[in-house]
Asker: 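Provided herewith is a single structure, encoded as structure tokens, for subsequent inquiry.
The figures here come from the full heavy-atom set of this structure, side chains too, leaving out hydrogens, waters and symmetry mates.
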Amino acid sequence: MTRIPILRMGDCLLVTIQVDMQDQTALALQDDLANRIVDSGARGVLIDISALEIVDSFVGRMLASISGIARILDASTVVVGMQPAVAITLVELGLSLEGVRTALNVERGMELLRSSLRESVRGR
């Protein structure tokens, strides 16, 4: 089974999905990411899906689930690099990915995460 690498960048984790997401790969990513958030104390998660050309309903739900798990573990999540065809497919499947923040690219996603982290520090 393919494992998706999770890289640490300061207080954020970067996940770049470069392979087609099979159900088992998505489930493993969910578990691996939850464990890395806890182990590293990461406050942000950036998931780059720019290499994905197709997303089915299971993978769409997993992205929403991963975001929810990260939020419960006190980490913000941003999904970046969504291809237009993927966005269209998700809408056609009725998956709005509620609670999942998105950005067009990694740079904008990191800005969004940093802004979110600054706001959460002010609110504490």
Side-chain angles (χ1 to χ4, degrees):
M1 174 178 53
T2 303
R3 297 299 259 230
I4 306 295
I6 302 169
L7 306 174
R8 183 163 185 169
M9 294 178 53
D11 57 355
C12 294
L13 298 176
L14 173 63
V15 179
T16 302
I17 301 172
Q18 297 290 321
V19 298
D20 287 332
M21 289 283 283
Q22 304 298 320
D23 292 358
Q24 291 297 342
T25 306
L27 289 170
L29 175 59
Q30 177 179 292
D31 292 341
D32 292 347
L33 192 53
N35 288 323
R36 283 294 301 272
I37 291 169
V38 171
D39 293 344
S40 68
R43 301 291 319 280
V45 176
L46 187 92
I47 302 175
D48 181 2
I49 62 168
S50 59
L52 294 183
E53 295 179 13
I54 298 172
V55 172
D56 62 14
S57 62
F58 180 78
V59 172
R61 286 192 310 271
M62 288 306 298
L63 288 172
S65 177
I66 287 169
S67 179
I69 290 167
R71 190 170 40 253
I72 290 170
L73 295 173
D74 196 30
S76 299
T77 302
V78 176
V79 175
V80 302
M82 189 175 301
Q83 300 291 331
V86 170
I88 291 167
T89 300
L90 290 172
V91 170
E92 288 174 348
L93 291 171
L95 298 172
S96 63
L97 299 183
E98 194 161 327
V100 177
R101 292 182 305 159
T102 61
L104 289 178
N105 55 44
V106 171
E107 184 178 345
R108 287 186 179 181
M110 287 304 290
E111 288 174 12
L112 187 58
L113 275 177
R114 287 186 186 113
S115 172
S116 173
L117 294 177
R118 281 191 299 270
E119 288 175 17
S120 69
V121 168
R122 281 187 214 129
R124 289 185 177 192

Asker: Within the distance-only criterion (no hydrogens, no angle test), does the side chain of Ser67 pair as donor or acceptor with the backbone N or O of Leu63 below 3.5 angstrom?
Answerer: no
Asker: Test your reading of the model: is there a side-chain donor-acceptor pair from Arg8 to the backbone of Gly10, 3.5 Å cut-off?
Answerer: yes
Asker: Kindly indicate, with the supporting measurements, whether the criterion side-chain contact (heavy atoms from CB on, under 4.5 Å) is fulfilled by Gln22 and Thr2.
Answerer: CA-CA 9 Å; Gln22 304 298 320; Thr2 303; over 6 Å; no
Asker: At their closest point, which heavy atom of Asp56 faces which heavy atom of Leu93, and how far apart are they?
Answerer: C-CD1, 4.0 Å
Asker: Looking only at non-hydrogen atoms, find the nearest pair between Ser40 and Leu13 and report the distance.
Answerer: OG-CD2, 4.0 Å
Asker: What heavy-atom pair brings Gln83 and Ser50 nearest, and what distance separates the two atoms?
Answerer: NE2-O, 2.8 Å
Asker: To the nearest 0.5 Å, how far apart are CG in Asp32 and CD1 in Ile6?
Answerer: 5.0 Å
Asker: Working note: Ile49 + Met21, criterion side-chain contact (heavy atoms from CB on, under 4.5 Å); need CA distance, chi angles, decisive distance, verdict.
Answerer: CA-CA 10 Å; Ile49 62 168; Met21 289 283 283; over 6 Å; no
Asker: Hey, is the main chain of Ser76 close enough, under 3.5 Å, to the side chain of Arg43 for a donor-acceptor pair?
Answerer: no
Asker: Please name the pair of heavy atoms, one in Val80 and one in Gly109, separated by the smallest distance, quoted to 0.1 Å.
Answerer: CG1-CA, 3.7 Å
Asker: Quick check: closest heavy atoms across Ala51 and Ile17, and the distance to 0.1 Å?
Answerer: CB-O, 3.4 Å
Asker: Restricting to non-hydrogen atoms, name the atom on Leu97 and the atom on Gly60 that form the minimum distance, rounded to 0.1 Å.
Answerer: CD2-O, 3.1 Å
Asker: Just to verify, which of Leu46, Leu117, Val78 counts as forming a side-chain contact (heavy atoms from CB on, under 4.5 Å) with Cys12?
Answerer: Leu117
